Amino acid sequence: DLPALALLCELLVRGPQTPGELRGRASRMTPFESVGSVEQVMNSLMTRQPEPLVVLLPRQPGRKESRYAHLLCGEIKVEEITQSTASAPVQEKARLVIQTENERMDKLESELEKLRQEMIALQAQLAELRKLIG
């Protein structure tokens, strides 16, 4: 079954995904008429006998849709997947924000030191000028 194979390939390559993500990405291999058709194929893979090939993960807080994951590597620990995938983008974004702020602070400190040195030089020049005039 080509649609099922295409969806399983996408889950293997990219990890847990929503039906909409699966439809868009798997459509390169085989077209899907709608998200509903993806869900139908996924339901057949979830109810497959003797054992299911996919599982529907619980919807994560802040997410609009639930995601599917493959079971080809064995049983999934839902807690680990939801924690790692939920916190990874937030952690990455936070890390990038901190890195950007650190770079900004380093630049400002460097500019401040340069201005201090220029101010000291100008004060010395002004003192010399006052000696010449006065």
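Nothing fancy with the numbering, it's 1 onward along the sequence. These numbers come from a predicted model, not from an experiment.
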Got a donor-acceptor contact below 3.5 angstrom from the [X] side chain to the [Y] backbone?
X: Arg23; Y: Glu33; answer: yes
X: Thr47; Y: Asn43; answer: yes
X: Ser34; Y: Ser37; answer: yes
X: Glu21; Y: Thr18; answer: yes

Would you give the length of the straight line joining atom [atom1] of [X] to atom [atom2] of [Y], rounded to the nearest 0.5 angstrom?
X: Ser66; Y: Glu39; atom1: OG; atom2: CD; result: 9.5 Å
X: Leu129; Y: Leu122; atom1: CG; atom2: CG; result: 11.5 Å
X: Ser110; Y: Met105; atom1: OG; atom2: CE; result: 12.5 Å
X: Thr100; Y: Glu103; atom1: OG1; atom2: CD; result: 6.0 Å
X: Leu71; Y: Glu51; atom1: CG; atom2: CD; result: 8.5 Å
X: Leu12; Y: Leu7; atom1: CG; atom2: CG; result: 11.0 Å

Are [X] and [Y] close enough that some pair of their side-chain heavy atoms sits under 4.5 Å apart?
X: Pro3; Y: Phe32; value: yes
X: Met42; Y: Pro19; value: no
X: Glu109; Y: Asp106; value: yes

Exercise. Are Val38 and Leu22 close enough, and set up right, to give a side chain to side chain contact (heavy atoms under 4.5 Å, CB included), and what steps lead you there?
Worked result: CA-CA 7 Å; Val38 170; Leu22 285 167; 4.1 Å; yes
According to a 4.5 Å side-chain heavy-atom criterion applied to Ile, Leu, Val, Met, Phe, Trp and Tyr, with indirect links allowed, do [X] and [Y] form part of one hydrophobic cluster?
X: Met29; Y: Leu53; result: no
X: Val35; Y: Val41; result: no
X: Leu5; Y: Leu45; result: no
X: Leu56; Y: Leu72; result: yes
X: Leu8; Y: Val55; result: no

Exercise. Do Glu111 and Lys114 meet the salt-bridge criterion of a basic N to acidic O distance under 4.0 Å?
Worked result: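 Glu111 and Lys114: not salt-bridged.
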Exercise. So with a 6.0 Å cut-off around CD of Glu101, is the heavy-atom count from everything else above 12?
Worked result: yes
For this session: Locate the shortest heavy-atom distance separating Ala69 from Pro16; write the atom from each residue and the value.
Result: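 Heavy atoms only, the tightest pair is CB-CG, 4.0 Å.
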Problem set entry | For the student: nearest non-hydrogen atoms of Lys64 and Arg59, plus distance | O-CD, 3.5 Å
For this session: Let me know which of Arg67, Glu65, Arg25 forms a side-chain hydrogen bond (donor to acceptor under 3.5 Å, both in side chains) with Gln17.
Result: Arg25
